[in-house]
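Below is one structure, written out as structure tokens, with a few remarks after it.
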Amino acid sequence: MFHSLETRIQAIFRACLAEKFGVQTDIAIEQPKQSSFGDLALPVAFQLAKNLRQAPRKIATDLVEAVGTIPGVAAMEIAGNGYINVRFDRGTYAASLLRGDTGIAAGPIEPKTGESKTIVEHTNINPNKAAHIGHLRNAVLGDTFVRMLRTAGRNVEIQNYIDNTGVQVADVVVGFHFLENKTPSDVAALIAQERFDYTCWDLYARTSQYYKDHPESLAWRAQTLHEVEAGHGALAKMAHLVADAIVVCHLATMLRLGIRYDVLPRESEILHLKFWANCFELLKERKAIYFEEEGKNKGCWVMPSSAFRGADEANEDSKVIVRSNGTVTYVGKDIAYQLWKFGLLGKDFFYKPHTAYPDGQMVWVSTATPQTELAPSFGKGETVYNVIDTRQSYLQDVVVAGLRALGFDKQAEQSIHFSYEMVALSPRCCADLGIELSEEDAKRPYVEVSGRKGLGVKADDLMDKLIESAFGEVASRHAEDSPETQRAVATEIAMGALRYFLLKFTRTTVIAFDFQEALSFEGETGPYVQYATVRARNILKKLQDRGESIPDFAAELSAEAMARQLLDEEAWQMLLVASKVDSALDRAISTGEPAQLAKYAFQLAQTFSNFYHVFPILSEPDREKKVFLLWMTTFFAKQLERTLGILGITVPVYM
RNA sequence: GCGCCCGUAGCUCAGUUGGAUAGAGCGGCUGGCUUCGAACCAGUAGGCCGGGAGUUCGAAUCUCUCCGGGCGCACCA
């Protein structure tokens, strides 16, 4: 609601400036520093002062005069040296909120048919070990961004790319086969046991260490990769077993946080369906790459550095796309994959159902052979967001340069690297985990997570720990309730805490993970926001417990009655904050920062907590005021639920 | 060496395309549960926004420069 009024005022001012002052300009709108100044502030007069050669204050006065009255606006005042402060008509504002005109959908909107598609690719964990805290940041950011876009009505497809034929999977296979002498059926037996992903976590670290101690053993990796690529033999079979089983683990881990996918494109199909062959032809044909005849890259197909770096900083460090032995690098495959996402490759995968979520929604996986079951149409996006950590910026630049070199400028423009900083471990966290740090590392502000070293916090361990901690709190407050319900509530609280923790930081901030902070349920946390929501609901529940019914707000609250109640400045400020979900969402999408929405959720919860303490609601003697306060309560509850919903955080039945 | 990111309260972080007196959480101190459940609230202390120069009516925000920290720059992904 706030946002729509804001944009309307903006449009009116822009039109007025164009018409009566002959100036084309964007109208900046901001929050007044103090709420007593008004509900919106326009500093536009300052911008115009130079062009019009007049004092800002005079311009502001003339402009307000020229604009006249605006529906929904009660007053406009000139303040300071030329601010235009706008005050809303409180009664009509509240009345339209009451009608449900909040400017935001209650949940994801069903996109219009023919609506162009946005693809968000996230998670993308190598299927060779358990997911860790860094992977969670990726998935939670991606998932939340998807929820934001879908709430705004965008048609979004979620892809989780599976690199099932890469070095990392090969290394675990090397571990099973060469270090532990296991057969594929031994591995299958291990998969049937608990926590296969944890088994692989340890094995991967052990194999990596073995390479370090015995460099000659790297030949095993080469042999394994070769067999995996060829697609037959025990090693290839084992690779498939491992990767497929780990993907199942990852999906389960992510589902605990409410994170889902639409399709899992796999590298094995990119190979078998020869996506690269098409891409290679295109690249050669359009001269995006060339065959290097000399120097260190002799015998390789390379992309010149001028393609992906500024012309002035171009040097001889070209990027190898095809190795001298004829195999294609990761970047090459990624260019092919990116082309497919835009529907530019001229090829598609086949698909089969992978897993059904509890509500029946299906995840599909790519496959190399035609299927009888009809799959949805995947790919062919207009905009593509790749949620990948910032350390891969250079490679993402090369991929985009590939598109541009092929002449797909529009798609290059619409390829967005949704980058984020890593999650590292605080020195204290390492101590908690019993990890010994080198003297050098101990002095650092944080230590990088390393799968190869087995250094990291496993996602499932962290979630278990959070649930245990929350369970203790729940049990102490609701000892009378069944352990099952207690556990369910504790789980919702734990997951809310984790999602919020990962979202409260902006994408450019390195998170130095710390158990104490992550396990906190007080202050700026997910549970704080959940708690506010639960309390709002409790008021309404209590009302009904006392034999009263929830009033028919539309019948009892006229715009005049609302205006009367909103003479209370505190109540008005609170309502204003609560009405800004649309504004916060819009800002979070345009800046690409889910953190902004998380911050708003917290501010909204704070405002409600304050409201809760300032206004006794159930005991309010005046009928009109009581009904009004009850309406405010339902409004807060609804807005809190919506905002939490976009953040992927649920609301427990009690706390 | 080159590129990207960060530097804001004791700690961890926000700061909406440059705007009015720079904000929040944690921690510290002082208060508030027989009320709609305190996972809460109110109050308080705490800042040369890393240093310097510039652009501007106006800079935490833009430019340059220096200092400090992190991450990239493979025929790995």
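Just the heavy atoms: all of them, side chains too, but no hydrogens, waters or symmetry mates, feed the values below. Note on naming: letters A, B, ... go to the chains in the order of the sequence lines (proteins, then strands), and numbering restarts at 1 for each one. A quick note: this is a predicted structure, and the numbers were derived from the prediction, not measured.
Proximity of residues 531-543 of chain A to RNA chain B (heavy atom under 4.0 angstrom from any strand atom) is restricted to A:Tyr531, A:Arg535, A:Ile539, A:Lys542. Contact check of residues 579-597 of chain A against RNA chain B (heavy atom, cut-off under 4.0 Å) returns A:Arg587, A:Gln596.
Counting any heavy atom pair closer than 4.0 Å across all strands shown, A:Arg546 reaches sugar-phosphate atoms only and no base atom. Looking at heavy-atom distances under 4.0 Å, A:Ser393 makes no contact with the nucleic acid at all. Contact annotation for A:Tyr528: backbone-only contact, meaning every heavy-atom pair under 4.0 Å involves sugar-phosphate atoms and none involves a base. In this structure, A:His478 reaches the bases: a heavy-atom distance under 4.0 Å links it to at least one base atom across the strands shown. The residue A:Pro56 sits apart from the nucleic acid: no heavy atom pair falls under 4.0 Å. A:Val474 comes within contact range of at least one nucleobase, with a heavy-atom separation under 4.0 Å. Here A:Phe521 lies in heavy-atom contact (under 4.0 Å) with a base. Nucleic acid contact for A:Ala49: none, since no nucleic acid atom lies under 4.0 Å from a heavy atom of the residue. In this structure, A:Phe602 reaches the sugar-phosphate backbone alone: every heavy-atom distance under 4.0 Å involves primed, P, OP1 or OP2 atoms, never a base.
Between B:A14 and A:Thr509, a contact under 4.0 Å exists linking OP1 or OP2 to a side-chain N or O. Between A:Gln606 and B:C41, a side-chain N or O to OP1/OP2 separation shorter than 4.0 Å is absent. For the OP1/OP2 pair of B:A38 and a distance below 4.0 Å, the side-chain nitrogens and oxygens of A:Tyr612 include at least one atom meeting the criterion.
With sequence neighbours left out, A:Glu570 forms a salt bridge (charged side-chain N to carboxylate O under 4.0 Å, His left out) with no residue at all. The salt bridge (charged side-chain N to carboxylate O under 4.0 Å, His left out) check on A:Glu267 picks up A:Lys333, with sequence neighbours excluded. For A:Gln603, there are no side chain to side chain donor-acceptor pair (under 3.5 Å) partners two or more places apart in sequence or in a different chain. Not counting sequence neighbours, the partners of A:Arg623 by the salt bridge (charged side-chain N to carboxylate O under 4.0 Å, His left out) test are A:Glu556. A:Ser609 is linked by a side chain to side chain donor-acceptor pair (under 3.5 Å) to A:Tyr528, counting only residues two or more places apart in sequence or in another chain. Residues meeting the salt bridge (charged side-chain N to carboxylate O under 4.0 Å, His left out) test with A:Glu468, sequence neighbours left out: A:Arg487. Applying the side chain to side chain donor-acceptor pair (under 3.5 Å) rule to A:Asp26 yields no partners; only residues at least two apart in sequence or on another chain are considered.
Between A:Phe46 atom CZ and B:C57 atom P the separation is 13 Å, expressed in whole Å. Rounding to whole angstrom units, CD of residue A:Gln516 and C1' of B:C13 are separated by 16 Å. Between the CD atom of A:Gln47 and the C1' atom of B:G18 there is a distance of 10 Å, rounded to whole Å. Rounded to whole angstrom, the span from the CD1 atom of A:Ile617 across to the C1' atom of B:G37 amounts to 14 Å. Atom CG of A:Leu40 is separated from atom C1' of B:U16 by 13 Å (rounded to the nearest Å). Counting to the nearest Å, the P atom of B:G18 and the CG atom of A:Leu48 are 15 Å from each other. Rounded to whole angstrom, the span from the OH atom of A:Tyr330 across to the P atom of B:A74 amounts to 15 Å. One can place CD of A:Glu480 at 13 Å from P of B:G37, the figure rounded to the nearest angstrom.
Separating the C1' atom of B:G37 from that of B:C33 is a span of 9 Å, rounded to the nearest Å. Nucleotides B:G10 and B:A45 have their P atoms positioned 15 Å apart, rounded to a whole Å. Distance check on atom P: B:U65 versus B:C49 gives 22 Å, rounded to whole Å. B:U55 and B:G72: their C1' atoms are spaced 32 Å apart (whole Å). The separation of B:C62 from B:A24, taken at their C1' atoms, amounts to 26 Å, rounded to a whole angstrom. B:C66 and B:G47: their P atoms are spaced 31 Å apart (whole Å). For the C1' atoms, the distance from B:U8 to B:A22 is 8 Å, rounded to whole Å.
The side-chain heavy atoms of A:Leu395 and A:Lys319, taken from C-beta on, include a pair separated by under 4.5 Å. Side-chain contact between A:Trp276 and A:Leu283 is present, with heavy atoms from C-beta onward closer than 4.5 Å.
Ion pairing between a basic and an acidic side chain is recognised when a charged N comes within 4.0 Å of a carboxylate O; A:Glu421 and A:Arg137 show no such pairing. At a threshold of 4.0 Å, the pair A:Arg444-A:Asp441 counts as salt-bridged, since one of the basic side-chain nitrogens sits closer than that to a carboxylate oxygen. Taking the charged nitrogens against the carboxylate oxygens, A:Glu517 and A:Arg428 have no contact shorter than 4.0 Å, which rules out a salt bridge.
Using N1 to N3 plus N6-O4 or O6-N4 for Watson-Crick, or N1-O2 and O6-N3 for G-U wobble, each under 3.5 Å, B:U55 pairs with nothing. Nucleotide B:A9 forms no Watson-Crick or G-U wobble pair with any nucleotide shown, as no partner meets the under 3.5 Å limit on both distances.
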Check your understanding: For nucleotides 66-71 of chain B, read 5' to 3', which letter fits each nucleotide if B means a protein heavy atom sits under 4.0 Å from the base, S means only the sugar-phosphate is that close, and - means neither?
Key -> ---SSS
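Position along RNA chain B of the nearest nucleotide to A:Asn126 versus A:Ile493 favours A:Ile493 as the more 5'-ward residue. Annotation: of the two residues near RNA chain B, A:Ala512 and A:Ser324, the 5′-most nearest-nucleotide partner is A:Ala512.
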Considering only distance and modelled atom types, tabulate donor-acceptor pairs under 3.5 Å from the side chains of residues 217-224 of chain A, sequence neighbours left out.
unit_1, atom_1, unit_2, atom_2, d
A:Ser217, OG, A:His214, O, 2.5
A:Arg221, NE, A:Asp171, OD1, 2.9
A:Arg221, NH2, A:Asp171, OD2, 3.0
A:Gln223, NE2, A:Glu227, OE2, 3.4
A:Thr224, OG1, A:Trp220, O, 2.7

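With distances taken from any side-chain atom of A:Gln31 to the nucleotides B:G72, B:C36, B:U16, the minimum falls on B:U16. Relative to the side chain of A:Lys33, the nucleotides B:G23, B:C75, B:A39 differ in distance, and B:G23 lies closest.
Using a 30° and 60° split on the angle between ring planes, A:Phe513 and A:Phe501 fall in the perpendicular class, above 60°.
Neither side chain, A:Gln530 nor A:Tyr500, offers a donor N or O lying under 3.5 Å from an acceptor on the other. Looking only at atom types and distance, the side chain of A:Tyr337 has a donor-acceptor partner in the side chain of A:Glu121 under 3.5 Å away.
Put simply, the side chain of A:Asn85 and the base of B:A20 share a donor and an acceptor less than 3.5 Å apart.
Just one of A:Gln338, A:His122, A:Gln392 meets the side chain to side chain donor-acceptor pair (under 3.5 Å) condition when paired with A:Asn386; it is A:Gln338.
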At a cut-off of 3.5 Å, list every protein nitrogen or oxygen paired with a nitrogen or oxygen from nucleotides 42-46 of chain B, distance to 0.1 Å.
unit_1, atom_1, unit_2, atom_2, d
B:A42, OP1, A:Asn610, ND2, 3.2

